[in-house]
Protein chains: 2
Amino acid sequence: MTILTEQPVTSSDKTFFKLRQDIVEGSIASGAKLSETELSTKYAVSRAIIREAINRLESCHLVERKANVGARVVSLTAEGLVELYQVREALEGMAARLAAQNMTEEEIAGLNALLSSHFQEVKGGESYYQEAGDVDFHYRIVLGSKNKHLISVLINGLYHLVRMYRVQLGMAGPRVTTAFDEHRHIVRAIANRDAELAEMLMRRHILYSRNNIAAKLNKAGGK
Amino acid sequence: MTILTEQPVTSSDKTFFKLRQDIVEGSIASGAKLSETELSTKYAVSRAIIREAINRLESCHLVERKANVGARVVSLTAEGLVELYQVREALEGMAARLAAQNMTEEEIAGLNALLSSHFQEVKGGESYYQEAGDVDFHYRIVLGSKNKHLISVLINGLYHLVRMYRVQLGMAGPRVTTAFDEHRHIVRAIANRDAELAEMLMRRHILYSRNNIAAKLNKAGGK
DNA sequence: CCATACAAAAGTGTCGACAATATAGCCATA
DNA sequence: TATGGCTATATTGTCGACACTTTTGTATGG
């Protein structure tokens, strides 16, 4: 399903992954305080482990920490979402550009295969797999850029925050078929090695999806 | 001089800053192993402090760590430099776009003042201040984007690696007057609130500077 | 009744020691 | 001599305890 194969080796890793999952999926509420002592009993590890996990979460922009005070889970705001998608637009646009230059023919064939399987699911109307498929699609292009920094910042960093917004704001949209067409055009540009076009299409794709989500957010929590 | 006012509050902060400086400036060689015990005696702090510092350095892409093995300072390569500047191109391009939308008139006036003072220095031929001035210029535009994620990724993350390349490869170039003109055009676009143009000029500016540095790197270490 | 200062509590920052893992060196064997 | 496995060493991972800072609650004075 998903390409990413990050395997926890140390106990600190495991705790970090669990904590991240709990935050992304909302088991730990957005904006909540993260007490080190409390978490250390909850996850049955020492405080040192929790501290290290919190530090890593801070690097992912999932928690904010103040010295001598503590850490809180980030709160999800409309501005935050816009800012996040602006960064995605820049980085994933560049990723698409580089993917058009650097992906192998095999990888491109794999992308096309992925699109085909998505097409079946779109007809079936399975929105969950759609979500996972979209994630998978973007992952592959980012990895296809072959740019270490790009991959690290997006996949180890921002994507988890993106997922957090999606999960907690309940994104499963009427945008699926539209997005699917956009994916097709992006892949075509990559297959044609048209880096310029691939970047532009990816940026538009993300911009559209941002507007779509922002509209939902305004409709839901219009305070 | 520089805008960034990150003040170390805890002992861990101080150690992190020192270590980062030593790595960026080459006191600790690129590619060197970072022994926790060794560093803890060298910097006169406990191993826990060193561990935390190393974790943070990993987030900055300044060291690479493997579980149960240890951490090494990143090694500087031509490919790494290209990848780094590709990310800069994407992010700072977006930063310039957003700065054109979000900077206040006062901030833009400040940018112009900065350019003027640089002009004096260019005539005086003080290459050190030029370097600092260039850094300052890019900082201001990134901050002017008012995008939290953009600021964090660039200023807390990639910029230190950029500085590391610059310092250790001895960048003080014949490109100074050219770069100065490019800065002028970027500021003009921002002042005109021409986001599109500002982004394009910034991207070209970084692309040029990448090519310039890469040329030097090939000439120097052509192995 | 409000404000200020002080004291108690809770929480984070730091440390040294122990446990688990990887590396290096050595010996035995083919 | 080369190779394989074993032991010893060094290094990282984890833990519990102590020190310091922030916060909270309380009491006192205005």
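Every chain is numbered from 1, with letters handed out A, B, ... down the list of sequences. This is a predicted model, so every value here is computed, not measured.
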Distance check needed: [N] [atom2] versus [X] [atom1], whole Å only.
X       : N      : atom1 : atom2 : result
B/Glu52 : D/dT12 : CD    : C1'   : 16 Å
B/Glu36 : C/dA20 : CD    : P     : 18 Å
B/Lys66 : D/dT12 : NZ    : C1'   : 14 Å
A/Leu39 : C/dT12 : CG    : C1'   : 13 Å
A/Tyr43 : D/dC15 : OH    : P     : 15 Å
A/Asn68 : C/dA10 : CG    : P     : 18 Å
B/Arg51 : D/dT12 : CZ    : P     : 8 Å
B/Ile49 : C/dT12 : CD1   : P     : 16 Å

When you get a sec, tell me which of [options] is the closest nucleotide to the side chain of [X]?
X       : options                : answer
A/Ser46 : D/dT14, D/dT12, C/dT14 : D/dT14
B/Val69 : C/dT12, D/dT14, C/dT23 : C/dT23
B/Arg65 : C/dT14, C/dG13, D/dG13 : D/dG13
A/Ser11 : D/dT14, C/dG13, D/dG13 : D/dT14
B/Thr37 : C/dG13, D/dT12, D/dT23 : D/dT12

Checklist entry - Any idea how A/Tyr139 and A/Tyr159 line up, ring-wise: parallel (<30°), tilted (30 to 60°), or perpendicular (>60°)? => result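 Aromatic pair A/Tyr139/A/Tyr159 classed parallel.
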Item to check | B/His138 and B/His183 aromatic ring geometry - parallel, tilted or perpendicular at 30°/60° bounds | outcome: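 Because their plane-to-plane angle is over 60°, the rings of B/His183 and B/His138 count as perpendicular.
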Checklist entry - Looking only at side-chain N and O atoms, does A/Thr10 come under 4.0 Å of OP1 or OP2 in D/dT14? => result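 So the side-chain polar atoms of A/Thr10 do come within 4.0 Å of the phosphate oxygens OP1 or OP2 of D/dT14, strictly under.
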Checklist entry - Any side-chain N or O of A/Lys33 under 4.0 Å from OP1/OP2 of C/dT12? => result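 Answer is yes, contact under 4.0 Å.
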Under 4.0 Å between a Lys/Arg side-chain N and an Asp/Glu carboxylate O for [X] and [Y]?
X        : Y        : result
A/Arg97  : A/Glu92  : no
B/Glu6   : B/Arg20  : yes
B/Arg193 : B/Glu105 : yes

Item to check | Polar pair under 3.5 Å, donor/acceptor by atom type, side chain A/Arg47, base C/dG13 | outcome: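 Side chain to base: pair found, below 3.5 Å.
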Checklist entry - Which part of the nucleic acid does A/Leu34 contact within heavy-atom distance under 4.0 Å: base, sugar-phosphate only, or nothing? => result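 It contacts sugar-phosphate atoms only.
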